[in-house]
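Proteins come first, then strands; the chains are lettered A, B, ... in the order of their sequence lines, and each starts at number 1.
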Amino acid sequence: MARAGTTPARSKGTSKAPVRPSDALSREQKIELYYWMRLTRSLEERLVNLYRQTKVVGGLFRSLGQEADAVGSCFALEQRDVMSPLIRNLGAMLVKGATPVEVLKQYMAKGDSPTRGRELNIHFGDIGPAGSTRGFLGQISPLGDMVPVMTGVTLSFKMRGEDRVGLVYIGDGATSTGAFHEGINFAAVQKCPLVVIVENNGYAYSTPTHKQTAARQFVDKAIGYGIPGLQADGNDVLAVYDVTKQAVDHARAGHGVTLVELITYRRKGHAEHDNQSYVPPGEIERWAAENDPLDRYLVVLREQLGVTDEEISALHDRVQREIDDATDEAERSGPPVPLDALVGVYADPPAEQPLWFRRDADADAYGTERPEGWGTWNASETKP
Amino acid sequence: MARAGTTPARSKGTSKAPVRPSDALSREQKIELYYWMRLTRSLEERLVNLYRQTKVVGGLFRSLGQEADAVGSCFALEQRDVMSPLIRNLGAMLVKGATPVEVLKQYMAKGDSPTRGRELNIHFGDIGPAGSTRGFLGQISPLGDMVPVMTGVTLSFKMRGEDRVGLVYIGDGATSTGAFHEGINFAAVQKCPLVVIVENNGYAYSTPTHKQTAARQFVDKAIGYGIPGLQADGNDVLAVYDVTKQAVDHARAGHGVTLVELITYRRKGHAEHDNQSYVPPGEIERWAAENDPLDRYLVVLREQLGVTDEEISALHDRVQREIDDATDEAERSGPPVPLDALVGVYADPPAEQPLWFRRDADADAYGTERPEGWGTWNASETKP
Amino acid sequence: MSAASTVSAATGEITYLEAIREALFEEMARDPNVFCLGEDIGAFGGAFKVTEGLLARFGEQRVIDSPISEIALVGAAAGAAHMGMRPVVEMQFIDFLANAYDMLTNYVATARYRAFLPCPMVVRGPSGGYVRGGPFHSQNPEAGFLHTPGLKIVYPATAADAKGLMKAAIRDDDCVLFFEHKYLYRRVKDVMPDGDHVVPLGKARVAREGSDVSIVTYASTVWKSLEAAEQLAAEGISVEVLDLRTLAPMDDEAIFRTVKKTNRLLVVHEDTRTGGIAGEITARVSETCFEWLDAPVLRVTAADIPLPYAPPLEDYVLPQTSDIVRAVRRLAAY
Amino acid sequence: MSAASTVSAATGEITYLEAIREALFEEMARDPNVFCLGEDIGAFGGAFKVTEGLLARFGEQRVIDSPISEIALVGAAAGAAHMGMRPVVEMQFIDFLANAYDMLTNYVATARYRAFLPCPMVVRGPSGGYVRGGPFHSQNPEAGFLHTPGLKIVYPATAADAKGLMKAAIRDDDCVLFFEHKYLYRRVKDVMPDGDHVVPLGKARVAREGSDVSIVTYASTVWKSLEAAEQLAAEGISVEVLDLRTLAPMDDEAIFRTVKKTNRLLVVHEDTRTGGIAGEITARVSETCFEWLDAPVLRVTAADIPLPYAPPLEDYVLPQTSDIVRAVRRLAAY
Ligand SMILES: Cc1ncc(C[n+]2csc(CCOP(=O)(O)OP(=O)(O)O)c2C)c(N)n1
Ligand SMILES: Cc1ncc(C[n+]2csc(CCOP(=O)(O)OP(=O)(O)O)c2C)c(N)n1
Ligand SMILES: [Mg+2]
Ligand SMILES: [Mg+2]
């Protein structure tokens, strides 16, 4: 594998493997990559509609323009592998088996959502033994924390001799956290079968990369951890697949951690409420016009695989139908019941007791008691 | 300055500055370097005696064999600059103006020690405005924390346009902490006038470097922070001075942070109680025989500066005298008075009130109430 | 300070959020050593826009956008504070204080005691729930710091206090953790007192006088307690509400005064129950006012649960006005 | 398990430290999913030698020397625990839990609730003072975690409990913070009960029966309380001492039982006062046993001071036997 140094290669494989890993993908698989990107984008567009109808309870986070980085990288994993997504990796979660209806219910805080209304947006997962779980881990908000956790997940693979690999995403911004540093360093020392993907999308909330680090590029951090570093164009889904597949194979072969930098761009704000006032004029438009990952890949599909307009529009129809069905299903679900709040902080005791001032009251009443006695509620102000 | 990459230069200056900075040191200054190293070693030897006499209250930490790295690097600072030492930087503290009597009182937990008995060993400092303070900062035990703090100290220099530089030491082991990572990264982005010295002495307590990081060398971490990296033989006091002086000049010129790796060896255990059972046989003896920084420098002084045996033994006598005087003075001091414990947690209130069950009691009695009612006390077991 | 806030032409009121911003403007204008640092506080004006306008007025040297590094933010603030600066650090959400727990409790809190180093700094940020923020954007982590000698803790309930306490916090010579309740940011307003409005740390405020039962509380639940008091007045129960404003140092005298007046105490906070601040208050009252108590000291708090996101769950876990009403009734009837 | 400890030939007793080591040996032998990780725990056997011999017996895969990375240690343990392992993490000193505060309180404590993820892990390490360790090697940070739902906390006082509770902690399906008092490591001993000695979490122990005044306490101050009880017996004051053993979940029933028996309660802990666990205990007792209390609940604790190093200062700040004696006398005379 290419080793990061002062002049790292912009991916393109290595001399040992002149054939791109993606050359081994079938036509169907290559079309599938487009399907996942399209599904990601359309599902987020549906979420925008629901958000505007105030059916989404909290904030809404978009990955517009980054679909290739999430989808292409996760596509390099096997089902038994474990992937730890961040807020902009909806695409990776879908590839790994999360369903649109789960995502919709989660955003709408439904009682039968994957976290039963306890956690927000795409903070949910499904991990455990290979085979019986889909292999994606629910993230928490404090940035960087998933890196040490994935160090532990992959350490367990190593200890048990399981043929499984882990993949964890980290934003350009979150590379500044202590947790990232401690986690990747420990994993590197332990040669855990882990791929760490730095998604360099130019911004952390409003903070541009040059205020986040003085490094010329994130792949330069690999050498400081004594691991290989690879870099790719994050908006070229096949390049993303290639570079991740290399890193996954490296991990699976027992050679340890790789840091992969994917260069992409966050076209929407940090969350839906962010007006991106801090972005230089024209920047977003330029990326949209010249570097949209779906547009770019459509050209590849058409020109190199002879995919027809009919095939594409059938696929678009399928995506729309799936999302419509999922929306119908999600809307039919109700909110959680208040008393479910008490269940499962510990395995033992399995539930907390209601506090004394609740015991004699009708617990269900609390579901409707909105805390709006004072002041006014302005939804636009409270979706940070 | 040399930039760390796949083939970093083992210091030796740069092409721009073919003359070694140490060439500009006078004969007296070069002899002074030896004085500080000798003072460091002899003072620690005195502490070993006092420790065996159980006059040292807590653990005792040695820098045997590392004197050149502490002394040579700190010698590159001006008085107005601020230095943040670690447990093995007694030499740097002495260069910066800490006195043997302060160190002895501190280790013996005297009432008039620099921290009035509140903190242990060399955890004390003297910082503030240039001129009125000596410019070294008291460390705390949690490793890595001094890096962000020195980022702030040097940020204040930058904000106020003060011509001052900061220098912070970090052990090979402590580079694994989140605090190190966050601090050096923030300082690099802010171009703070800071020098970060990684003292690679081969071990962190019992942990050898290869279990601490997979990096080939610590200087490789510089590139990941986008800063210059320099490396030197930490047991060659002039090489240490040269490389640090370069980094200090770089910072003073407004170019920001440099990471300097000094390669040395910890000849004693982590603390005095540690029997170093984990060290491969012969390793310590080899470093002692072939690579003692004082022995090596004596050769330089004799051969290149014509320093005579008389000069050397006069200097040794001076060191012994100073330490004897300091010991006498330190031994004359008493312990702190119990009620002083209540003073100065906050600026306001300036003192805590005694707790009610102490108010009616003779407060002084608590100084003698040793908590040894149960079990036996074995000093050797309690000096970790 | 017109840049700092949008005073309502009709009433002259500004919000809690604007009051904090005004305090930052005034203190930065007054003292060149005051500066702000945090994530996205500059060009963006902060996730909640508290620091909006500061960059334009005071420039990049004094309004510093940082990497995502809470340890470094707090540590750097401490280092600068040692050298005579007065840093104000924003946590994007106060929940992330947890990431700097070592730096705050081990380095900052002990600096004066162990090393005679001044550490005048403020660490501030949006706190608290009732906003559907889920488990990591709704916390009230004050109890985790109350335990550490060397830190001061402020948690205002009103807009006027938010301003006055912020100014006092910035001028204080020790580290002050300044909790800003995000539900109150834009929901409560006050006309700011004229001139240099500084509210001293460590002094509680009687938010409502009463004679039958005392409620000691702070931040969001001050308002819920007032609401409850209003309802209870209709039943003929007269409730006194004490707003602590500062949690460390705690205004023991004010607490004991109201307990000795009404002989019945309810402690209310939004934070979880076990290990929360209500326990400490109960202990102090028990030690000092045992003879005056005609009923047990009771607590209305959140349940011991990581705060869930869905409205029915969040509402169930957090204390509500009706809980306070019920608890006061019980005390009054005791 | 002869490798784990040096049983005194004469008495059959082993120390508190050896008892913990024995528990680790037995649990690792019993369950291949149990493994240890921490700084210097392998070849060196840990700073206090608690893990001595584990590496030789179980190998490098199950006894992992880590970098100096408390965040990574706790995070990696959580990840492995999700996958069915049962990690035991050593903090070289428990003070460094502060460095992993976010990971523990935000990630680990909430994992089961928010994501239905099992997180069976133990984080253990030497805690407490009376050893001239200074402000960063003497802490009792339990109160900073008691506040977090989702964590369990154990702090044994005796050698037998140290073993039995460690075995229970390793078998528990949630994260247990296991505080080991370093002053007790080599100073208290017990004969280990035969067989698979497991002490259930959440159950207090009556360390001494008495009828006039109850002391509720844990860890080091159990011994000081027993010493005080002995002295007070000579004065005709009969003291009951309850050793909590587990702080979360707390054994309310045992606490209420002793209070209802003696009607007088002193809470004693080594930790600082404000925000300490004594406050929580006082609140629970006040709520539940108000009618039974014949005197105020009092607290003997450390003063609110970062623990200083010099013996006269440390002795002054920490609670001593004479303090307990004085406080009990006051309660008895009330
Ligand atoms: C420890 C921590 N500090 C601050 C935040 C607040 N925060 C949430 S997302 C974000 C920006 C993340 O940027 P980046 O890592 O680049 O990811 P991106 O949003 O660009 O995908 C910040 C500062 C947080 N969640 N965690
Ligand atoms: C955050 C933290 N974790 C653990 C420790 C315990 N500890 C003290 S010194 C030490 C080893 C330090 O090694 P290194 O940084 O290489 O410095 P050296 O002793 O070799 O100079 C450890 C693990 C600590 N002080 N702080
Ligand atoms: Mg980003
Ligand atoms: Mg070292």
Completion exercise
Comparing A:Pro129, A:Pro142, A:Gly138, A:Gly183 against chain D, the one with the most heavy-atom pairs below 4.5 Å turns out to be A:Pro142
Practice task
Could you grab the distance from atom CG of D:Asp102 to atom CG of A:Asp145, nearest 0.5 Å is fine?
Solution key: 4.0 Å
Problem - Spatial distance of atom CZ (D:Phe116) from atom CD1 (A:Ile127) [nearest 0.5 Å] - result: 13.5 Å
Completion exercise
Rounding to 0.5 Å, atoms OG (D:Ser66) and CD (A:Gln190) come to a distance of 8.5 Å
Completion exercise
Taken to the nearest 0.5 Å, the spacing of A:Thr154 OG1 from D:Met83 CE works out to 10.0 Å
Exercise for the section: Please confirm whether the backbone N or O of D:Ile71 pairs with a side-chain atom of A:Glu182, one donor and one acceptor, at under 3.5 Å? Expected result: yes
Practice task
Heavy-atom distances under 4.5 Å only: say whether D:Tyr107 touches chain A with side chain, backbone, both or neither.
Solution key: both
Handout entry: Proximity breakdown for A:Met159 and chain D, heavy-atom pairs closer than 4.5 Å
Key = both
Fill in the blank from the handout: The interface call for A:Val147 against chain D, heavy-atom contacts under 4.5 Å, is neither
Fill in the blank from the handout: Comparing D:Asn99, D:Asp172, D:Leu151, D:Leu117 against chain A, the one with the most heavy-atom pairs below 4.5 Å turns out to be D:Leu151
Practice task
Using modelled atom types only, decide if a donor and an acceptor are shared between the side chain of D:Tyr113 and the backbone of A:Gly344 within a distance under 3.5 Å.
Solution key: no
Problem - Per-residue contact mode, A:Leu137 against chain D (heavy atom under 4.5 angstrom) - result: side chain
Completion exercise
When rounded to the nearest 0.5 Å, the distance separating CG of A:Leu155 from CG of D:Leu37 is 7.5 Å
Practice task
Could you tell me whether a side-chain N or O of D:Asp174 sits under 3.5 Å from a main-chain N or O of A:Ala347, the two making a donor and an acceptor?
Solution key: yes
Handout entry: Point-to-point distance, once rounded to the nearest 0.5 Å, from CZ of D:Arg114 to CZ of A:Arg118
Key = 11.5 Å
Handout entry: Selection from D:Pro87, D:Ser69, D:Cys119 maximising heavy-atom pairs under 4.5 Å formed with chain A
Key = D:Ser69
Completion exercise
Cut-off 4.5 Å, heavy atoms of chain D, and the answer for A:Phe124 is neither
